[in-house]
Amino acid sequence: FNLKEKKLVFRFTQSIENYGQEIFQASKYIGQGFNVTFDHMNRQPITIHYPYGELIPSERFRGRIHFEFDKCIACEVCVRVCPINLPVVDWEYKNSVKKK
């Protein structure tokens, strides 16, 4: 081999080595993806089938209840719906106020 041929052979072996490293790295990442997938497949589902299963809100649930003060008739539905019993309805009947 002369010097030019040695450089070509060296470049060829380097490119094969780089290709092998890239294949190894790609297969490692694919394996990591499969690990995540199989880990999620082994977990229990957390979906609740709404009409048949009861939704139990967490202790720190901070949801909102749609409430309009001007349409309130003091039926206390909001008190029954609220999971943390936050609304308090104090009302008194006034003859002077007429609602539509």
Side-chain angles (χ1 to χ4, degrees):
F1 290 117
N2 62 16
L3 187 59
K4 194 172 193 178
E5 290 174 347
K6 286 183 182 180
K7 285 184 180 180
L8 283 174
V9 171
F10 180 72
R11 249 193 259 154
F12 180 70
T13 56
Q14 283 292 342
S15 64
I16 290 177
E17 186 178 325
N18 289 341
Y19 185 70
Q21 289 174 351
E22 289 177 7
I23 288 176
F24 176 74
Q25 213 168 22
S27 62
K28 184 175 88 171
Y29 292 142
I30 290 172
Q32 287 175 349
F34 276 121
N35 282 341
V36 170
T37 302
F38 291 131
D39 181 46
H40 283 277
M41 286 174 61
N42 292 332
R43 293 181 185 179
Q44 292 293 323
I46 58 171
T47 305
I48 296 172
H49 300 286
Y50 170 65
Y52 307 109
E54 184 177 334
L55 178 64
I56 301 169
S58 68
E59 184 179 311
R60 300 180 71 182
F61 177 73
R62 295 181 64 153
R64 287 191 176 177
I65 298 172
H66 180 70
F67 183 72
E68 297 177 16
F69 285 104
D70 56 335
K71 293 184 180 180
C72 179
I73 59 169
C75 66
E76 296 186 1
V77 170
C78 58
V79 175
R80 289 188 295 246
V81 171
C82 183
I84 56 173
N85 299 326
L86 187 64
V88 176
V89 179
D90 288 334
W91 62 279
E92 55 187 56
Y93 183 72
K94 295 181 184 177
N95 285 335
S96 60
V97 177
K98 294 183 180 179
K99 293 201 173 198
K100 294 180 183 179

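We number each residue from 1, following the sequence as shown.
The shortest heavy-atom contact between Asp39 and Arg43 is OD2-NH2, 3.0 Å.
At a threshold of 4.5 Å between side-chain heavy atoms, the hydrophobic network of Ile, Leu, Val, Met, Phe, Trp and Tyr places Leu8 and Ile16 in two separate groups.
One distance of note links CD1 of Ile30 with CD of Gln32; it measures 10.5 Å at 0.5 Å rounding. The CZ atom of Phe24 sits 10.0 Å away from the OH atom of Tyr29 when rounded to the nearest 0.5 Å. Atom-to-atom distance recorded for Asn18:CG and Gln21:CD is 5.5 Å, nearest 0.5 angstrom.
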